[in-house]
Amino acid sequence: MAEESKYTDSGISIKTLYQPDDLPAQPLSLPGEYPFTRGIQPDMYRGKLWTMRQYAGFSTAEESNKRYHYLLSQGVSGLSVAFDLPTQIGYDSDHPLADGEVGKVGVAIDSIEDMQVLFNGIRLEDVSTSMTINATGFILLAFYVALARQQGADLKKISGTIQNDILKEYAARGTYIYPPQPSMRIITDIFEWCSREVPKWNTISISGYHIREAGSTAVQELAFTLANGRAYVEAALQKGLDINVFGKRLSFFFNAHNNLFEEVAKFRAARKLWAEIMKDLGATDPKAMMLRFHTQTGGSTLTAQQPLNNIARVTVQTLAAVLGGTQSLHTNGYDEALSLPTEEAARIALRTQQIVAFESGAPDTVDPLAGSYYVESLTSQVETAARELMQRISDMGGSVTAIEKGFIQEEIARSAYTYQRQIETNDKIIVGVNKFTVSEEPSIPILKVDDQIRTVQSEKLQQLRQSRNHAKVDQCLQELNDKASSDENIMPAVLEAVENKCTLGEIADTLREVFGEHR
């Protein structure tokens, strides 16, 4: 009987046995040395564990604030904010298009007053905050900085990340507002302004996570993400920014799936490829060549069937991220295929990280899978496949052109279709879904968001609009319009607008008038 062929999720053929001659020809560099395949720090987690985050945000700022205080009490070392869809696409909660979506997949933030409530009792100097926000990322950053100023914080000490990755929105996710060119202009304005005003802030988290969630393979996630990263760097260079300055504040956001060894290989290959890209673009400071990344366990891998099985999946994915050398990690709740995570599910997800950190031994040495015949071979193969795909994008003129032509979208769609067909034909086994099923599912408590949230937010907005200085609001919005119509950096005008109680929707609409909307 012929032996059945095995493949990774990216279609890379897996041999039955790996031996010394499967190792790549080039010698391995040391951790902390170019091209950083083995990690960006010489001692990795011996020096400092990864930042343990839990992605949270739902309902109102008051409810989300309670969850943040709970997570901080349970040992998270960084906050990660989820925003609702109206906030993500620049609509205030009382806008007609916000109906039915307020507070549903994240927290509703309409104004500086909501931001004050969201972080009530939390000193921004003392916590690192990641905000998953893209088209309106510049507005949320302004809210955050304005709040830090109100708290009397030293802006040079404020640390965190805005995702701010608009290219993957066009390709995979859809929460864009403006066309590509003005969107890229906003991003480079953020790079420039942050390097001067909030130098410890990570100005972009170039995201493969949503590309993977849309159905890409590990190789596509890597190639499309790094190609997008190159496009952002080239845009910043065209603006005259110093790659050795802004390059240190770029970060990445990857997905961790169930194929443990392919995921570890992906993370290792990512560091090498990015170091080479940055060196090629002119970086000379090693810190500007380092790929630093946050990881989230794979939301699309979670099943509504037998949801407690997801705890095992998240554990495998946590190990992949840690063995691959992540700087920051969010672990999903086992119930997230059904609803936003309950407090219990969020606690178990955090405990999963803590058990890996303090009981597994995985962080005790740097790059523990280095030298594995299989992992080294797979790292090389992932790198080669990703490099070929990135070259195809370069030949088209780069990521923006590849997205405008629909190339990246079509590649992701084809992979998503193939994966689904494999599940339907039982070529790919998903435990509890197409094999090892049960006839009766246990009831799992789920978190429900009250539909009255929109009414609450609308009342808050009404009170805000009645209490503010209307002449000052009009002046701020006109100033923003003027800055956006020129070549000047828009961030100072955005900050002044939020400090004078302009709403997120008003700021976004002002720029819609100047830039238009992407269709």
Side-chain angles (χ1 to χ4, degrees), residues 51 53-57 64 78-90 105-107 109 115 118 127-145 158-178 180 183-191 193-194 198 200-214 216 221 224-229 231-233 235-236 246 249-256 270 274 291-299 326-330 332 399 403 491 494 504 508 518:
T51 301
R53 300 187 188 276
Q54 284 306 111
Y55 187 47
S64 294
L79 296 176
S80 186
V81 185
F83 298 96
D84 72 358
L85 283 174
T87 302
Q88 292 183 48
I89 54 177
V105 298
V107 62
I109 299 294
M115 206 67 159
L118 186 66
V127 68
S128 166
T129 304
S130 172
M131 295 190 281
T132 303
I133 193 82
N134 296 283
T136 55
F138 65 103
I139 306 174
L140 272 299
L141 175 61
F143 283 148
Y144 195 85
V145 170
I158 295 297
S159 66
T161 306
I162 43 171
Q163 190 161 99
N164 196 30
D165 176 5
I166 203 64
L167 291 178
K168 68 96 176 49
E169 295 296 327
Y170 302 121
R173 193 161 172 269
T175 64
Y176 46 73
I177 303 175
Y178 315 111
S183 293
M184 295 292 277
R185 176 259 175 100
I186 292 171
I187 287 168
T188 55
D189 278 2
I190 292 167
F191 287 1
W193 184 79
C194 284
V198 274
K200 286 184 72 178
W201 193 268
N202 295 323
T203 50
I204 194 167
S205 176
I206 304 156
S207 176
Y209 184 85
H210 301 100
I211 291 170
R212 192 68 176 278
E213 290 292 283
S216 80
E221 177 193 0
F224 297 155
T225 304
L226 297 191
N228 287 349
Y232 293 126
V233 172
F246 75 79
R249 302 268 49 104
L250 305 177
S251 65
F252 288 80
F253 175 24
F254 288 115
N255 209 310
W274 185 246
L291 181 140
R292 296 166 301 121
F293 68 99
H294 170 72
T295 310
Q296 182 173 339
T297 56
T326 193
Q327 277 60 67
S328 168
L329 178 60
H330 161 77
N332 289 327
S399 277
I403 289 165
M491 284 305 297
V494 176
L504 173 126
H518 181 66

### Message
Less than 4.5 Å apart, side chain to side chain, heavy atoms only: is that true for Leu291 and Leu226?
### Response
yes
## Note on the structure
Scanning both residues in full, the closest heavy-atom pair of Ala142 with Val494 reads CB-CG1, 3.7 Å
### Query
Taking atom types as modelled, is there a side-chain donor on Thr175 or Arg173 under 3.5 Å from an acceptor on the other?
yes
### Task
Could you check if a side-chain atom of Arg212 sits within less than 4.5 angstrom of a side-chain atom of Phe254, using non-hydrogen atoms only?
no
### Query
Hey, mind stepping through Leu504 and Ile109 against side-chain contact (heavy atoms from CB on, under 4.5 Å) and telling me if it holds?
CA-CA 8 Å; Leu504 173 126; Ile109 299 294; 5.8 Å; no
### Message
Does either side chain, that of Glu221 or that of Ser216, offer a donor lying less than 3.5 Å from an acceptor on the other one?
### Response
no
### Task
Taking the side chain as every heavy atom from C-beta outward, state whether Ile162 and Phe138 have any atom pair closer than 4.5 Å.
no
### Message
Determine whether a donor-acceptor pair (N or O, by modelled atom type, separation under 3.5 Å) exists between the side chain of Gln163 and the backbone of Ile133.
### Response
no
### Query
Rounded to the nearest 0.5 Å, what separation is found between the OG1 atom of Thr326 and the CD atom of Gln296?
11.0 Å
### Query
Is it true that the side chains of Thr129 and Tyr144 contain a donor and an acceptor less than 3.5 Å apart?
yes
### Query
At what distance, to the nearest 0.5 angstrom, does CG of Asp165 lie from OG of Ser205?
7.5 Å
### Query
Would you call Tyr232 and Thr188 a side-chain contact if the rule is heavy atoms closer than 4.5 Å?
no
### Task
To the nearest 0.5 angstrom, please state how far the CG atom of Leu79 sits from the CG atom of Leu118.
8.5 Å
### Query
Where is the tightest heavy-atom contact between Gly160 and Ser128, given as atom of each residue plus distance?
CA-OG, 4.0 Å
### Message
Taking Ser130's backbone N and O only, do any of them form a donor-acceptor pair with Thr161's side chain (distance below 3.5 Å, no angle check)?
### Response
no
### Message
Any heavy-atom pair between the side chains of Asn134 and Tyr176 that's under 4.5 Å?
### Response
no
### Query
side chain to side chain contact (heavy atoms under 4.5 Å, CB included) with Leu167: which of Asn228, Thr225, Ile187?
Asn228
### Task
Please answer whether the main-chain N or O of Arg292 pairs with a side-chain N or O of Ser251 as donor and acceptor at a distance below 3.5 Å.
no
### Nearest non-hydrogen partners of Val81 and Val107, listed with the distance
CG1-CG1, 4.0 Å
### Query
For Ile158 and Lys200, which heavy atoms make the closest approach, and how far apart are they?
O-CB, 3.5 Å
### Query
Are Tyr209 and Thr132 close enough that a side-chain donor and a side-chain acceptor fall under 3.5 Å?
no
### Message
Students often mix this up, so state it plainly: with edges at 30° and 60°, are the rings of Phe246 and Phe191 parallel, tilted or perpendicular?
### Response
parallel
## Note on the structure
Heavy-atom nearest pair, Phe253 first then Thr295, reads CE1-C, 4.3 Å
### Query
Do Leu141 and Cys194 touch side chain to side chain, with heavy atoms closer than 4.5 Å?
yes
### Message
As an exercise, state the distance from CE of Met184 to CD1 of Ile166, rounded to the nearest 0.5 Å.
### Response
10.0 Å
## Note on the structure
CD of Gln327 to NE2 of His294, rounded to nearest 0.5 Å, is 11.5 Å
### Message
Closer than 3.5 angstrom, by distance alone: can the side chain of Arg53 be matched with the main-chain N or O of Leu329 as a donor-acceptor pair?
### Response
no
### Message
Donor-acceptor check, side chain of Thr297 to backbone of Asn332, threshold 3.5 angstrom: yes or no?
### Response
yes
### For Gly57 against Ser64, the heavy-atom pair lying closest together
CA-OG, 3.5 Å
### Message
Can you tell me how far apart CG (Asn202) and CG (Asn164) are? Round to the nearest 0.5 Å.
### Response
11.0 Å
### Query
Quick one: are Lys168 and Ser207 in side-chain contact, heavy atoms under 4.5 Å?
yes
### Query
Would you say Leu250 and Trp274 make side-chain contact, with heavy atoms under 4.5 Å?
yes
#### Entry: Arg249 and Thr203 side chains, donor-acceptor separation under 3.5 Å
no
### Side-chain donor or acceptor of Tyr178 paired with backbone N/O of Ala508 under 3.5 Å
yes
